[in-house]
Amino acid sequence: MKLFFIFSILGIIQNNLPGKSPVEGAWIHHEKNITTVLLFCDGYFTSARYTDTSFIETSGGPYFVDDNRLHVKEEFNSAAKNLSDRHLQFKLQNEELLFPDRNLSFERMDSNEGALSGVWKITKRMQDGQLIPIHQTGTRKTLKILTGKRFQWFAIDPASSTFSGTGGGTYTFKDGKYTENIEFFSRDASRIGASLSFDDHLENGEWHHTGLSSKGAKIYEVWGKVVQ
């Protein structure tokens, strides 16, 4: 508990400093047929590994940068029940993120320049013609992180180290049209390669998300930003 408190305070300090963390945005690494994508946005980090046909693993949680060290407090890990804290040395070189201790390099995909960039949590849903607030109890949550070009959603319960599912890929948002291109989906590999389009807009800092679900059902959701 004490360590998590320290991470939370450091995250608050970082988020109130001018400018962005130097690693903010999306990064990608290819090795044979495996793709690894790292997302850093508003004090939250995710990592996802997958192939063109299957999901492998994902993890993530609040992060902060101290000089050239990346510190992550895991909130979820699909490959491990026991969550841990990561402390990794890194180096930025041109448009690459390097981890010398692991001999890994990632190419920058974006720098969080999108209008929808942020960590989002659903707050309202349309029911019987009205937007009804969603009141969640306990520690289970579904979040969606968007950088300038990439997205990933994940359903987790940090208190019980439970991971329930994830999906992600690339997205575009232009002229009120939001389109997701799915590159990985932990629950159903047949969804890989699909594209879903929605009529979306931002209103008073909230993201209004409307259209049809993958099963053809009408949806109208409102998402609010999560402050780490």
Linking I/L/V/M/F/W/Y whenever their side-chain heavy atoms sit closer than 4.5 Å, directly or via other members, would Leu146 and Ile219 fall into one cluster?
yes
CA sep, side-chain torsions, deciding dist, call: Tyr63, Arg86, side chain to side chain contact (heavy atoms under 4.5 Å, CB included):
CA-CA 9 Å; Tyr63 88 94; Arg86 302 186 191 180; over 6 Å; no
Nearest-0.5 Å distance that lies between atom CD1 in Ile122 and atom OG1 in Thr142
8.5 Å
CD1 of Ile145 to CG of Leu39: how many Å apart, nearest 0.5 Å?
5.0 Å
Main chain of Ser164, side chain of Arg187: is a donor-acceptor contact present, judged purely on distance under 3.5 Å?
yes
Phe198: what forms a ring pair (Phe, Tyr, Trp, His ring centres under 6.0 Å) with it, not counting sequence neighbours?
His209
Measuring only between side-chain heavy atoms, which start at C-beta, is Leu116 closer than 4.5 Å to Lys144?
no
Report yes or no: does Lys81 contribute a side-chain atom to a donor-acceptor pair with the main-chain N or O of Ser160 at less than 3.5 Å?
yes
Distance check, rounded to the nearest 0.5 Å: His71 atom NE2 versus Asp66 atom CG?
4.5 Å
Yes or no on side chain to side chain contact (heavy atoms under 4.5 Å, CB included) for Gln130 and Ile132, after CA distance, side-chain angles and deciding distance?
CA-CA 6 Å; Gln130 292 185 316; Ile132 305 299; 4.0 Å; yes
Do Gln152 and Thr58 have side-chain N/O donor and acceptor atoms under 3.5 Å apart?
yes
Of the non-hydrogen atoms in Trp27 and Glu96, which two are nearest, and what is the gap between them?
CZ3-C, 3.6 Å
When you look at CG of Asn68, are more than 12 heavy atoms from neighbouring residues, nucleotides or ligands closer to it than 6.0 Å?
yes
Are Val226 and Trp223 joined in one hydrophobic group, where the rule is that I, L, V, M, F, W and Y side chains link up if heavy atoms are under 4.5 Å apart?
no
If you count heavy atoms of other groups shown closer than 6.0 angstrom to NZ of Lys149, is the number above 12?
no
In terms of heavy-atom contacts, Tyr220 and Val222 come closest through CE2-CG2, 4.1 Å
Could you list the residues that satisfy salt bridge (charged side-chain N to carboxylate O under 4.0 Å, His left out) with Glu221, not counting sequence neighbours?
none
State, yes or no, whether a side-chain contact exists between Val37 and Thr46 at a heavy-atom distance under 4.5 Å.
no
Determine whether the side chains of Thr51 and Asn33 contain a donor N or O and an acceptor N or O closer than 3.5 Å.
no
Closest non-hydrogen atom pair, Gly224 against Thr123:
N-CG2, 3.8 Å
Please check this pair: side chain of Asp157 against backbone of Ala159, looking for a donor-acceptor N/O pair closer than 3.5 Å.
yes
Just to verify, what does Arg69 make a salt bridge (charged side-chain N to carboxylate O under 4.0 Å, His left out) with, not counting sequence neighbours?
none
Rounded to the nearest 0.5 Å, the CD atom of Glu74 sits from the CG atom of Leu83 at a distance of 5.5 Å
Taken in chain and number order and not counting sequence neighbours, the residues that satisfy ring pair (Phe, Tyr, Trp, His ring centres under 6.0 Å) with Phe76 are Phe154
Atom of Glu24, atom of Arg108 and distance for their closest heavy-atom approach:
O-NH1, 3.0 Å
Taking Ser161 for its side chain and Asn82 for its backbone only, find out whether a donor-acceptor pair lies under 3.5 Å.
no
Any idea which heavy atoms bring Ala48 and Phe184 closest together, and the distance?
CB-CZ, 3.6 Å
Could you check whether any side-chain N or O of Asn112 sits under 3.5 Å from a backbone N or O of Phe40, counting only pairs where one atom can act as donor and the other as acceptor?
yes
Could you tell me whether Phe55 and Tyr50 have their ring centroids closer than 6.0 angstrom?
no
Please check if atom CD in Glu113 has more than 12 non-hydrogen atoms from other residues, nucleotides or ligands closer than 6.0 Å.
yes
Please name all residues satisfying ring pair (Phe, Tyr, Trp, His ring centres under 6.0 Å) with Tyr171, sequence neighbours left out, ordered by chain then number.
Tyr178
Using the side chain to side chain contact (heavy atoms under 4.5 Å, CB included) rule, pick out the option among Asp101, Leu104, Leu70 that qualifies with Phe90.
Leu70
Between atom CG of Leu98 and atom CG of Leu92, what is the distance when rounded to the nearest 0.5 Å?
7.5 Å
Is it the case that more than 12 heavy atoms not belonging to Asn103 sit under 6.0 Å from its CG atom?
no
Which pair of heavy atoms, one from Ile192 and one from Glu183, lies closest together, and at what distance?
CG2-O, 3.7 Å
In this structure, NE2 of His208 is separated from CG of Asp200 (nearest 0.5 Å) by 10.0 Å
Do Trp153 and Leu143 land in one hydrophobic cluster if side-chain heavy atoms of ILVMFWY residues count as linked below 4.5 Å?
no
Has the side chain of Asn77 got a donor or acceptor atom that lies under 3.5 Å from a matching backbone atom of Ala79?
yes
Quick one: do Phe163 and Ile56 end up in the same hydrophobic cluster if we chain Ile, Leu, Val, Met, Phe, Trp and Tyr together by side-chain heavy atoms under 4.5 Å apart?
no
Can a donor-acceptor pair be found, under 3.5 Å and without considering hydrogens, that links the side chain of Ser78 to the backbone of Glu57?
no
Report yes or no: does His29 contribute a side-chain atom to a donor-acceptor pair with the main-chain N or O of Phe106 at less than 3.5 Å?
no
Compare all side-chain heavy atoms of Thr162 with those of Arg140 and state whether any distance is below 4.5 angstrom.
no
Taking the side chain from Lys225 and the backbone from Ser117, do they hold a donor-acceptor pair closer than 3.5 Å?
yes
Flag yes if Phe173 and Trp120 sit in one hydrophobic cluster, no otherwise; membership is Ile, Leu, Val, Met, Phe, Trp, Tyr, and two members link when side-chain heavy atoms are under 4.5 Å apart.
yes
Partners meeting ring pair (Phe, Tyr, Trp, His ring centres under 6.0 Å) with Phe151 (sequence neighbours left out)
none
side-chain hydrogen bond (donor to acceptor under 3.5 Å, both in side chains) assessment of Thr210 paired with Asp199:
CA-CA 5 Å; Thr210 64; Asp199 295 316; 4.9 Å; no
